[in-house]
Amino acid sequence: MGNASNGHDSSPSFACEARKACVKFRSLFSLNSHLFFDTSMSVGIVQEQVASAITNALLEARKRGALQSTNFPEPVIDFPKREEWGDLSSNVAMSMAKEEKRPPLEVAQVIADQLRTSCPLLEKVSVAPPGFLNFTLRPDCWFSVLEEVERTGDRYGHGTVGQGQRVLLEFVSANPTGPLHMGHGRGAALGEALARLLQAAGYEVDKEYYINDAGRQMKLLADSVYARYLELHDRECSFPEDGYHGDYIKVLAQALNREKGSEILNLASDAARRECGQWASEQLVRAIKDDLERFGVTFETWYSEASLFSAGKIEAALQALEQRDLVFIRDEATWFRSSEFQDEKDRVVRKQDGDYTYLASDIAYHFDKLQRGYEWLINVWGADHHGYVPRMKAAVNAFGYGDDSLRVVLVQMVRLLRGGEKVEMSKRAGEFITLQDVVDEVGADAAKFFFLMRRSDTHLEFDLELAKKQSSENPVYYVQYAHARLASLFRTARERGFPVLPVGDAPLAALVQPEELWLVKQLSSFPGLLEASAGALEPHRITFYLQELAGLLHVFYYKHRVLPPRIDGVKEDEAGEDGEPSELVREDLSKELTMARLVLLKQVQTVLKNGLGLLGVSAPETM
RNA sequence: GCGCCUGUAGCUCAGUGGAUAGAGCACUGGCCUCCGGAGCCAGGUGCCGCAGGUUCAAAUCCUGCCAGGCGCGCCA
């Protein structure tokens with residue numbers, strides 16, 4: 001292969017990233033099983049071929065007595081850290097050394113010898129201390145990736161590890177007592193991305209919003225609105241101590257007044273409050289729904305807490321616990337024996353005064369989720385609720401489901417900045433930047449991307465100025481621009497009579513430049529990345545991957561041309577009179593090369609689009 | 001006091017037991033006759049919080065400290 005240019009090998013930093021972008025491939029199968037390719041079509045076909053070549057080599061070597069182990073480890077395929085080491089590497093030899101009772105280097109040598117004789121797709125197999133196996137593949141092996149991307153299109157990268165399991169993903173679930181703020185936005189972006197990620201990984205996902213329309217918060221909302229309503233009618237009233245002070249409450253009261261006039265004045269206080277509360281919460285839920293829709297986040301179901309009460313589901317759930325002898329009465333209150341399951345102490349579900357606690361609704365709610373047939377429950381919660389996790393797990397356990405059937409993803413706070421300066425917010429005074437403010441200012445795409453750039457359990461800094469910038473400082477523009485730039489290229493190509501051929505018909509052998517190979521390798525790691533980030537419930541990995549892919553594209557695009565220059569008046573000038581090659585390689589652009597590059601870039605565009613799609617971010621054709 | 005999370009470059013952060021720990025930003029200097037310069041290239045920094053342990057191999061796993069954040073209601 002034309003691994004030329006050893007001379008000034010100033011391989012750009014992206015090269016490292018491409019290799020680092022590596023998603024390790026773990027074979028999911030033991031060697032004894034025959035299911036080598038059964039469910040793992042998601043990890044990248046090239047890596048898979050190498051992994052299976054290794055397992056075959058291990059078996060062969062054992063057959064002829066060169067290896068003794070009865071159990072072979074799962075071969076892990078990696079991108080080596082340095083380009084000189086090859087295309088792919090594996091550490092199998094090192095993990096086998098113990099059982100083989102030989103130095104890793106020796107074991108590696110045995111495997112390498114075996115592979116050299118038995119695996120035609122490896123151009124070169126080498127061994128490096130302390131026991132790595134490094135592989136250089138025949139370049140055309142990588143082109144199968146391009147075929148795969150074309151064949152699967154917008155499903156490229158999707159896998160089947162989920163095996164169709166039903167997942168209920170609950171997120172946002174903000175109390176309908178006010179507009180959504182930044183923190184909810186982060187949860188919303190995360191939930192939406194998780195849903196897409198898990199669907200792509202083969203799960204069947206439903207998104208649900210739990211409406212806390214019962215309990216104390218609702219009462220406070222009702223009292224607050226009622227108080228503002230009375231104010232409009234110049235009635236004496238005292239605003240509730242812990243009430244909601246935001247202006248939106250006044251706006252609600254005015255709207256209520258427009259709709260119902262003085263009708264509510266005639267009701268008894270209790271009835272009037274109920275009326276106000278119910279009306280206000282309906283309005284707020286609708287507003288939340290609108291906000292989320294404009295943010296590009298939707299739910300299959302909006303589940304009302306109040307409906308748990310009216311349908312008798314609280315009693316039913318507690319009864320189910322009682323049948324398992326997991327509730328008891330003490331001090332005239334009813335307790336759930338959550339300490340039987342990892343929780344530090346038992347918890348009250350029904351107070352002395354006969355009211356149910358919030359935990360009781362939540363137990364009933366989760367019981368209901370399970371009864372609806374979901375095998376896996378995922379909740380996205382604010383990190384300040386982390387202390388609540390053990391008791392919810394206890395509840396799930398109590399109903400006979402394992403620890404793993406509930407996963408809680410915690411989301412940390414968002415610190416809002418504007419040009420590096422902190423934006424102060426005080427919820428108490430009712431002054432906060434709402435999600436809608438942010439979406440209006442920076443757009444839904446940028447907001448979502450920013451929310452997803454960090455691991456969810458770390459604090460996030462969100463700079464409004466940065467999110468608006470249209471330059472490479474702004475990661476979302478950087479990635480979207482890569483997509484738009486390609487779209488523009490294909491438009492120009494079509495105008496000038498260069499169609500994008502099917503991969504099978506393209507002269508891919510023309511692709512010999514390192515920048516081209518980097519792109520293909522980066523594409524090849526997408527399925528593994530997807531599976532890993534779905535498994536870890538960490539969409540932020542996608543944002544890093546996309547920035548790397550976009551970076552590789554821009555490097556390629558700067559250095560190489562795809563279409564021949566339009567004007568043929570360009571002189572074949574004597575670039576570099578003193579033999580100094582200019583940085584821009586002036587290559588002969590054969591028709592083959594143009595065709596091959598168009599095909600390559602088409603697949604790059606597909607993957608950019610797929611990745612952005614997983615984040616719920618658009619892939620614009622023009623910007 | 002107990003529990004959870006975090007501690008990696010000046011800042012914001014990646015890093016699912018592997019080789020010489022990385023990116024973006026910021027800073028400096030370069031690069032457009034031509035497919036979108038909304039781009040590219042070149043410059044350099046780390047007791048991976050500290051100390052032990054497990055391992056052929058630790059930023060990663062375990063234990064103990066230190067620092068920051070959060071949580072520990074018959075609130076929701």
Side-chain angles (χ1 to χ4, degrees), chain A residues 10 12-14 16-17 20 23-24 26 76 78 80-82 85 89 91 94-95 97-98 103-104 128-132 134 175 177 212 214-218 220 331-335 344-345 347-353 355 357-359 361-362 382-390 410 412-413 420 453-455 457-461 463 466 469-475 477-478 480-482 484-493 496 498 532-533 535-536 538 540-541 543-544 547-548 551 553-555 557-559 561-567 569-571 582-584 594 622-623:
Chain A
S10 56
S13 50
F14 289 106
C16 298
E17 270 316 293
K20 248 207 75 182
V23 173
K24 280 177 218 164
R26 278 167 209 286
V76 176
D78 224 335
K81 227 157 157 186
R82 304 178 79 85
W85 295 337
S89 71
N91 64 354
M94 289 183 284
S95 44
K98 194 157 201 179
F132 284 101
N134 289 326
N175 292 336
T177 54
N212 294 113
R216 195 180 117 87
Q217 313 269 14
M218 276 317 298
L220 279 173
D331 303 333
E332 296 169 53
T334 309
W335 299 67
E344 51 189 15
K345 54 185 175 187
R347 309 287 175 176
V348 171
V349 288
R350 190 174 201 176
K351 300 182 274 185
Q352 264 184 353
D353 65 10
D355 283 351
T357 61
Y358 183 74
L359 178 63
S361 331
D362 249 351
D384 53 341
H385 287 70
H386 70 256
Y388 206 77
V389 174
L410 298 174
Q412 274 288 4
M413 315 259 311
M453 276 197 316
R454 302 282 176 247
R455 235 176 48 223
D457 58 357
T458 62
H459 287 267
L460 172 75
E461 290 207 337
D463 195 315
L466 179 58
K469 267 197 189 143
Q470 310 209 342
S471 74
S472 63
E473 291 163 65
N474 182 348
Y477 275 93
Y478 186 77
Q480 286 184 316
Y481 174 60
R485 204 178 195 186
L486 288 177
S488 166
L489 171 69
F490 297 130
R491 283 192 298 270
T492 310
R496 295 182 51 190
F498 293 100
S533 65
E538 291 184 349
H540 75 272
R541 298 183 192 194
T543 67
F544 282 87
Q547 292 178 74
E548 284 159 9
L553 172 73
H554 291 312
V555 168
Y557 206 78
Y558 172 77
K559 215 162 170 184
R561 289 193 58 83
V562 178
L563 303 176
R566 195 188 290 271
I567 324 111
V570 180
K571 273 176 258 157
S582 80
E583 215 222 317
L584 285 175
T594 293
T622 61
M623 290 175 72

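Nothing here was measured: the structure is a model prediction, and the numbers come from that model. Just the heavy atoms: all of them, side chains too, but no hydrogens, waters or symmetry mates, feed the values below. Numbers restart at 1 for each chain; the letters A, B, ... are given by sequence-line order, proteins then strands.
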For nucleotides 68-73 of chain B, give me one character per nucleotide, 5' to 3': B if any protein heavy atom sits under 4.0 Å from the base, S if the only such contacts are to the sugar-phosphate, - if neither. -SBSSS

Take atom [atom1] in [N] and the same atom in [M], then report the distance between them in whole Å.
| N | M | atom1 | answer |
| --- | --- | --- | --- |
| C65(B) | C70(B) | P | 22 Å |
| A9(B) | A23(B) | C1' | 11 Å |
| C48(B) | C13(B) | C1' | 13 Å |
| U8(B) | A59(B) | P | 15 Å |
| G43(B) | G22(B) | P | 14 Å |
| G3(B) | G44(B) | C1' | 41 Å |
| A42(B) | U6(B) | C1' | 35 Å |
| G24(B) | A14(B) | P | 16 Å |

For [X], which contact category applies under a 4.0 Å heavy-atom criterion: base, sugar-phosphate, or nothing?
| X | result |
| --- | --- |
| D362(A) | nothing |
| A214(A) | sugar-phosphate |
| A333(A) | base |
| Q352(A) | base |
| D463(A) | nothing |
| T334(A) | nothing |

Within less than 4.0 Å of OP1 or OP2 of C32(B), is there a side-chain N or O belonging to K559(A)?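 For C32(B), neither OP1 nor OP2 has a side-chain N or O of K559(A) closer than 4.0 Å.
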
If you compare every side-chain N and O of R491(A) against the phosphate oxygens of C35(B) (OP1, OP2), does one of them come in below 4.0 Å? no

Sequence neighbours excluded, which residues qualify as side-chain hydrogen bond (donor to acceptor under 3.5 Å, both in side chains) partners of [X]?
| X | answer |
| --- | --- |
| Q217(A) | Y244(A) |
| K351(A) | none |
| R455(A) | D457(A) |
| S89(A) | none |

Of P129(A) and N175(A), the one whose closest RNA chain B nucleotide lies more 5':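 The 5'-side residue here is P129(A).
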
Given RNA chain B, 5'-ward residue of the pair R216(A) and E538(A), judged by closest heavy atom: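 Here E538(A) is the residue nearer the 5' end.
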
Counting side-chain heavy atoms from C-beta on, which of [options] comes nearest to [X]?
| X | options | value |
| --- | --- | --- |
| F132(A) | C40(B), A76(B), G18(B) | G18(B) |
| F544(A) | C35(B), A14(B), C40(B) | A14(B) |
| Y478(A) | C40(B), G15(B), A21(B) | C40(B) |
| R561(A) | U20(B), C35(B), A76(B) | C35(B) |

Criterion side-chain contact (heavy atoms from CB on, under 4.5 Å) on L489(A) and L563(A), from CA distance to verdict: CA-CA 9 Å; L489(A) 171 69; L563(A) 303 176; 4.0 Å; yes

Output field dot_bracket for RNA chain B (Watson-Crick or G-U, both distances under 3.5 Å, | for other-strand pairs) contains (((((((..((((....[...)))).(((((.......))))).....(((((..]....))))))))))))....

Any donor-acceptor pair, under 3.5 Å, between the side chain of S89(A) and the base of A19(B), if you only look at N and O atoms? yes

Would the base of C13(B) count as contacting R454(A) through its side chain, where contact means a donor and an acceptor less than 3.5 Å apart?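 When only heavy-atom distances are counted, R454(A) does not reach the base of C13(B) through any donor-acceptor pair under 3.5 Å.
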
What are the two closest heavy atoms between [X] and [Y], and how far apart are they?
| X | Y | result |
| --- | --- | --- |
| T594(A) | P564(A) | OG1-CD, 3.8 Å |
| Y477(A) | M623(A) | CD2-CE, 3.2 Å |
| A128(A) | N134(A) | CB-ND2, 3.9 Å |

Donor-acceptor contact below 3.5 Å, side chain D331(A) vs main chain A333(A): no

Can you sort out the partners of R454(A) under salt bridge (Lys or Arg N to Asp or Glu O under 4.0 Å), two or more places apart, ordered by chain and number?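 Expected list: none.
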
Residues forming a salt bridge (Lys or Arg N to Asp or Glu O under 4.0 Å) with R216(A), sequence neighbours excluded: D242(A)

Residues in ring-ring contact (aromatic ring centres under 6.0 Å, His included) with H554(A), at least two apart? Y478(A), Y481(A)

Can you list everything that forms a ring-ring contact (aromatic ring centres under 6.0 Å, His included) with Y388(A)? Sequence neighbours excluded, please.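 ring-ring contact (aromatic ring centres under 6.0 Å, His included) check on Y388(A) returns W381(A).
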
Review item, nucleotides 56-63 of chain B N/O atoms under 3.5 Å of protein N/O:
residue: C56(B); atom: OP1; partner: K98(A); partner atom: NZ; Å: 3.4

Under 3.5 Å, N/O pairs linking protein and nucleotides 6-9 of chain B:
residue: U6(B); atom: OP1; partner: R455(A); partner atom: NH2; Å: 3.1

Can you check C32(B) for me, syn or anti if syn means within 90° of 0? syn

Is there side-chain contact between P130(A) and M94(A), with heavy atoms separated by less than 4.5 Å?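 The answer is yes; the side chains approach within 4.5 Å.
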
Decide, applying a 5.5 Å centre-distance limit and a 30° plane-angle limit (both strict), whether W85(A) stacks on A19(B).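 Here the ring of W85(A) and the base of A19(B) are stacked, with centres under 5.5 Å and planes under 30°.
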
